[in-house]
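For reference, the structure is listed below as structure tokens.
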2 protein chains.
Amino acid sequence: MSKKGLSLLDVSEADAGACCAPLACEPLTAGEAEDLAPLFKALADPVRLRLLSLIACHDGGEACVCDLTSAFELTAPTISHHLKVLKQAGLIDSERRGTWVYYWINPTALTRLSALLRPRHAFGAVEG
Amino acid sequence: MSKKGLSLLDVSEADAGACCAPLACEPLTAGEAEDLAPLFKALADPVRLRLLSLIACHDGGEACVCDLTSAFELTAPTISHHLKVLKQAGLIDSERRGTWVYYWINPTALTRLSALLRPRHAFGAVEG
DNA sequence: TTTCTAATTTGACACACGTCTATGCAGCAT
DNA sequence: ATGCTGCATAGACGTGTGTCAAATTAGAAA
């Protein structure tokens, strides 16, 4: 089932110019949905959305944890927890350089989710 | 703050041809993140992802609840609960016609989320 | 070594979430 | 009216999640 998930995630690339977004082409299988849900769950928190956004917008495409922590009125362990959730979902990656740990976005993961949600032809004609 | 949320959600349309995706342009404000998180939370469940997909792929762009319930090994109240979550998030809409209730996708909401996640220029150059 | 700082991990707590059974409501057909 | 069917709601139960304080690890500097 993890293999199915991977193939589903891959599809959005090979499929980038196809007729419609995966979500609108044919129904997700149970296995595909099980693999996709954790990605959206990782995005389903305002703190994590802001973290992702802060990292994406930071100079050089990466941000130190200390920069991120100072942007919230939350404790360091809480920020660390959210970063861990994002990383385990594959949305970000990190590296330790000396004293500091730097995080950056995984654009591939975001692109895949974006393509999945794009309701192009299938019901782009239904409304707008 | 709800006004902020709406403007954020609107941005992805006016912004469709702009330099980069909202997430990558400038950091989300706390209010924007608070407004966006519930949308991703609604997507953060495998059953709801399949429901959304089933509705989107159904003939005529809409599906009866009875069609949806039969696709899962879950009770009708559980399906009803998930449909309510999706509807309250604005991802689907519904109408009763006689005995049956029909659901359809709100493509605008999906398009906005899709645009938000698209990491175009900002870090499209970083990897691929 | 020791000390200091950056970041993570652990454990605990309150709250939210997914699922079920039981019940209620709306519409159609007797 | 009564009964039947499709769907939603209410309440309960177990599990998962976000947050914190406290403890731990990793590295730099003295």
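In the text below, chain A, chain B and the rest are named by the order of the sequence lines, each starting its count at 1.
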Under the 3.5 angstrom rule, does the side chain of A/N106 hit a backbone N or O of A/I92 as a donor-acceptor pair? no
Side chain of A/R96 (C-beta onward), nearest among D/dA26, C/dA22, C/dG18: D/dA26
Could you verify whether a donor N or O on one side chain and an acceptor N or O on the other, from A/T78 and A/T75, lie under 3.5 Å apart? yes
Closer to the 5' end of DNA chain D via nearest nucleotide, is it A/G98 or A/T75? A/T75
Contact class for A/L74 (heavy atom, under 4.0 Å): base, sugar-phosphate, or nothing? sugar-phosphate
With a 3.5 Å distance limit and no angle check, can you tell me whether A/S94 reaches the backbone of A/Y102 through a side-chain donor-acceptor pair? no
Across the strands shown, which category fits A/Y103 at heavy-atom distances under 4.0 angstrom: base, sugar-phosphate, nothing? sugar-phosphate
In whole Å, what is the span from the NZ atom of A/K84 to the P atom of C/dA6? 22 Å
Any base atoms under 4.0 Å from B/K87, or only sugar-phosphate, or nothing? Heavy atoms, all strands. nothing
Side chain of B/H82 (C-beta onward), nearest among C/dG18, D/dA21, D/dA8: C/dG18
Mind checking whether B/I79 and B/L83 have side chains closer than 4.5 Å, heavy atoms only? yes
Straight-line distance of B/H81 NE2 to B/L86 CG, nearest 0.5 Å: 9.5 Å
If you assign each of A/I79 and B/A44 to its closest nucleotide in DNA chain C, which residue comes earlier from the 5' end? A/I79
Could you state the atom-to-atom distance from CG of B/L51 to P of C/dG18 in whole Å? 12 Å
Atom pair distance, as rounded to whole Å: CG in A/L83 and P in D/dT17: 17 Å
In whole angstrom, give the distance that lies between atom CH2 of B/W100 and atom P of D/dA8. 14 Å
Once you round it to whole Å, what is the distance between P of D/dT17 and CG of A/L86? 14 Å
Nucleotide C/dA16, atom P - distance to NZ of B/K41 in whole Å: 9 Å
Please tell me which of the listed nucleotides, C/dT19, D/dC20, D/dG6, lies nearest to the side chain of B/T99? D/dG6
Contact class for A/R97 (heavy atom, under 4.0 Å): base, sugar-phosphate, or nothing? nothing
Whole-Å distance between C/dA16 P and B/F40 CZ? 22 Å
Looking at D/dC20, I'd like to know if its phosphate oxygens (OP1 or OP2) sit under 4.0 Å from a side-chain N or O belonging to A/T78. yes
Nearest to the A/C64 side chain among C/dA7, D/dC7, D/dT19, which nucleotide is it? C/dA7
Figure out the CG/P separation between A/D45 and D/dT17, and round it to whole Å. 11 Å
Heavy atoms only, 4.0 Å cut-off, all strands: where does A/H81 land among base, sugar-phosphate and nothing? base
